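In this chain, residues are counted from 1 in sequence order. Computed from a prediction, not measured in an experiment: that's the story for all the values here.
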Amino acid sequence: MDKKQYFETVVQNQIGYEFKNSLLLRQAFVRRSYSSENGGENNEILEFIGDTVLSAAVMRYLTTKYGNDLHIQDKIPKAFRVSQEPEEFHCEKSEGELTSIKQKLVEKKTLAMRIDELGFKEFLIMGKGDIELNMAEQASVKEDLFEAILGAVALDTNYDYEIIQNVAEIMLRPDSIVDNGEEADYVRLIYEWDEAFGSIPYFRYKNEQYNINNPRIQGLIEVPPQGTYNNTNANYSCEMFIRNDLPRFKSYGLSKNEARKNACKLAYSYLQKNDLLLTIRDEIEEPSFDMAINQLEILARRGYFSLPKYEYAEFHDKDGNPIWRVECRIDKVDATFETESSSKKQAKKEVAFEMLKYVLDNYKEE
């Protein structure tokens, strides 16, 4: 597989959409710095389009999640439908609450984080100046890329909002933010498990229903859709690959995003059952004094405990020299560490390192 094919395969499998016009897919990754040096089009207008369709997709997601379904009978098999009386739309969230949630979903930090998870920044096509400035690491550049990909999908589908919605929800993973820990985020857990091995999971989506008569495929673990009417209405499948020595996992859903969530839950259950999940010790190969602050934060971001909290106090010794006292604590961790130093930065490193060693030795799964 050549570089172009690899790029197209990875991106299209990750977002669950195959482009008819592959030039649009490439254009989504082209920065203006490159087109200024080499000619051709860049992704700026695609960003503009993507920003608009992302806003519409998030609005649809939120009003579907929190509002009454005015078309619920359309989602039920015809044999079971009844007439649905007209009704007004109502929503359990106010306009202000929806605006706040939407802002969190589409903010720069969120979109940049999703691009990192998808592994797309390595495909950016940039000019020499951008490369020298390492612009691929800038959150604003990743935000632009996220929106440009959606803009390319919108143009390629002639604004088919059903497809755009599927792609937007696959890329954004809004449930992981909106549900705020109410249920396990299996997609994130699988991404983080694969990240520890320097790779990312790969997904293949299809428009198909589960068929109990299909022959079983060796090396594939497959589960039927769950829930009322789902055998009839779960029209999407997601097949997932996470490592060569493990089986593939396949599940179904009412949307591609739901099918992926179910496949990741299936894979996580397999890893758990076969003692393949990472432990906190696997995450940090060697605790480092200089990197202790970052290593603690990494463990917190991966869900082992809450973010560490640091408290600072400045006073002076008898000669008038400043002394910093720094305390580190973590909610629900039964230990607090404190130290003093003439350097605030040094004191923070010291307490972070002590806390890091403590949690690595004493952490227990709940």
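- Atom CD of Glu87 has more than 12 neighbouring heavy atoms from other residues, nucleotides or ligands inside a 6.0 Å radius.
- Within 6.0 Å of NZ in Lys65 there are more than 12 heavy atoms belonging to other residues, nucleotides or ligands.
- Checked for salt-bridge contact, Asp194 and Arg243 miss the test: no charged N lies under 4.0 Å from a carboxylate O.
- Remark: side-chain polar atoms of Asp156 are not paired, donor with acceptor, to backbone N or O of Ala152 under 3.5 angstrom.
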Practice task
Verify side chain to side chain contact (heavy atoms under 4.5 Å, CB included) between Phe289 and Leu356, making sure each step is shown before the conclusion.
Solution key: CA-CA 9 Å; Phe289 179 84; Leu356 178 64; over 6 Å; no
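- Counting heavy atoms from C-beta on, the side chains of Asn235 and Leu254 never come closer than 4.5 Å.
- Using a 4.0 Å cut-off between charged side-chain N and carboxylate O, Asp130 and Arg32 make no salt bridge.
- The shortest non-hydrogen separation linking Tyr310 to Leu296 is OH-CD1, 3.8 Å.
- Put simply, the side chain of Asn68 gets close to the backbone of Glu88: a donor and an acceptor are under 3.5 Å apart.
- A cation-pi arrangement is not found for Lys261 relative to Tyr186, the charged atom failing to lie both closer than 6.0 Å to the ring centre and inside a 45° cone about the ring normal.
- Between the side chains of Arg114 and Ser176, at least one donor N or O sits under 3.5 Å from an acceptor N or O.
- In this structure, Tyr363 and Tyr304 approach most closely via the heavy-atom pair CE1-O, 3.0 Å.
- The aromatic rings of Tyr202 and Phe241 sit tilted, their planes meeting at an angle between 30° and 60°.
- A salt bridge is defined here as a Lys NZ or Arg NE, NH1 or NH2 lying under 4.0 Å from an Asp or Glu carboxylate O, and Arg173 with Asp185 meets this definition.
- Between Leu276 and Leu246 there is a side-chain heavy-atom pair separated by less than 4.5 Å.
- Side chain of Gln12 to backbone of Glu8: a donor-acceptor contact under 3.5 angstrom is found.
- In this structure, the side chain of Arg260 engages the main chain of Ile170 through a donor-acceptor pair within 3.5 Å.
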Exercise for the section: Dump the intermediate steps for salt bridge (Lys or Arg N to Asp or Glu O under 4.0 Å) on Arg329 and Asp331, then the final yes or no. Expected result: CA-CA 7 Å; Arg329 60 185 174 83; Asp331 293 344; 3.7 Å; yes
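- Under the 4.5 Å side-chain criterion, counting only non-hydrogen atoms from C-beta, Asn13 is not in contact with Tyr205.
- Heavy atoms from other residues, nucleotides or ligands lying under 6.0 Å from CD1 of Ile45 number 12 at most.
- If you run side chain to side chain donor-acceptor pair (under 3.5 Å) between Glu239 and each of Arg248, Lys250, Lys206, only Arg248 comes through.
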Practice task
Could you give me the CA-CA distance, side-chain angles and deciding distance for Tyr17 and Phe19, then say whether ring-ring contact (aromatic ring centres under 6.0 Å, His included) is met?
Solution key: CA-CA 6 Å; Tyr17 176 71; Phe19 278 79; 5.1 Å; yes
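- Formation of a donor-acceptor pair under 3.5 Å by the Arg81 side chain with backbone atoms of Gln73 is found in this model.
- Crowding of Glu18 atom CD: a count of heavy atoms from other residues, nucleotides or ligands under 6.0 Å not exceeding 12.
- Judged by a 6.0 Å distance limit and a 45° cone about the ring axis, Lys256 is not positioned over the six-membered ring of Tyr236.
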Exercise for the section: Check step by step if side chain to side chain contact (heavy atoms under 4.5 Å, CB included) holds for Ile49 and Tyr159. Expected result: CA-CA 10 Å; Ile49 298 169; Tyr159 295 92; 3.6 Å; yes
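- Put simply, the side chain of Tyr252 does not reach to within 4.5 Å of the side chain of Gln226, judged on heavy atoms.
- For the residue pair Ser341 and Gln346, no side-chain donor N or O sits within less than 3.5 Å of a side-chain acceptor on the partner.
- Taking each heavy atom of Val359 and Val333 in turn, the nearest pair found is CG1-CG1, 4.2 Å.
- When the options Leu172, Ile101, Val178, Thr63 are evaluated for a side-chain contact (heavy atoms from CB on, under 4.5 Å) with Val58, the one that passes is Leu172.
- In terms of modelled atom types and a separation under 3.5 Å, the side chain of Thr9 and the main chain of Gln5 share a donor-acceptor contact.
- Smallest separation of non-hydrogen atoms from Met240 and Cys264: SD-SG, 3.7 Å.
- The number of heavy atoms from other shown groups lying within 6.0 Å of CZ (Phe48) does not exceed 12.
- Salt bridge absent: Glu132 and Lys128 never bring a charged side-chain N and a carboxylate O closer than 4.0 Å.
- Within 6.0 Å of atom NZ in Lys348, more than 12 heavy atoms from other residues, nucleotides or ligands are found, so the atom counts as buried in its surroundings.
- Using a 4.5 Å heavy-atom threshold, the side chains of Leu220 and Phe249 count as separate.
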Solution key, residues 318-326 side-chain donor-acceptor pairs under 3.5 Å, sequence neighbours excluded:
| unit_1 | atom_1 | unit_2 | atom_2 | d |
| --- | --- | --- | --- | --- |
| Asn321 | ND2 | Asp317 | OD2 | 3.3 |
| Arg325 | NE | Glu340 | OE2 | 3.1 |
| Arg325 | NH2 | Glu340 | OE2 | 2.8 |

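- Between Asp334 and Lys332 there is no salt bridge, since no side-chain N of the basic residue sits under 4.0 Å from a carboxylate O of the acidic one.
- Donor-acceptor pairing under 3.5 Å is lacking for the side chains of Lys20 and Thr157.
- Judged by distance alone, the side chains of Gln27 and Asn43 never bring a donor and an acceptor atom under 3.5 Å apart.
- The shortest non-hydrogen separation linking Glu117 to Ile200 is O-CG2, 3.8 Å.
- Salt bridge present: Glu222 and Arg216 bring a charged side-chain N and a carboxylate O closer than 4.0 Å.
- In terms of heavy-atom proximity, Ala234 sits nearest to Pro225 at CB-CB, 3.7 Å.
- Residues Phe353 and Cys328 are not in side-chain contact: their nearest non-hydrogen atoms beyond the backbone lie 4.5 Å or more apart.
- Crowding of Glu97 atom CD: a count of heavy atoms from other residues, nucleotides or ligands under 6.0 Å exceeding 12.
- Here Glu137 pairs with Lys121 in a salt bridge; the nearest charged N to carboxylate O distance falls below 4.0 Å.
- Counting heavy atoms from C-beta outward, Leu62 and Lys93 have side chains that stay 4.5 Å or more apart.
- For His71, the NE2 atom sits in a loose shell: 12 or fewer heavy atoms of surrounding residues, nucleotides or ligands are nearer than 6.0 Å.
- When only modelled atom types and interatomic distance are considered, Gln103 and Glu107 share no side-chain donor-acceptor pair under 3.5 Å.
- Under the 4.5 Å side-chain criterion, counting only non-hydrogen atoms from C-beta, Ile190 is in contact with Leu271.
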Practice task
Run the numbers on Leu360 and Leu299 for side chain to side chain contact (heavy atoms under 4.5 Å, CB included), then give the verdict.
Solution key: CA-CA 10 Å; Leu360 289 175; Leu299 294 175; 4.3 Å; yes
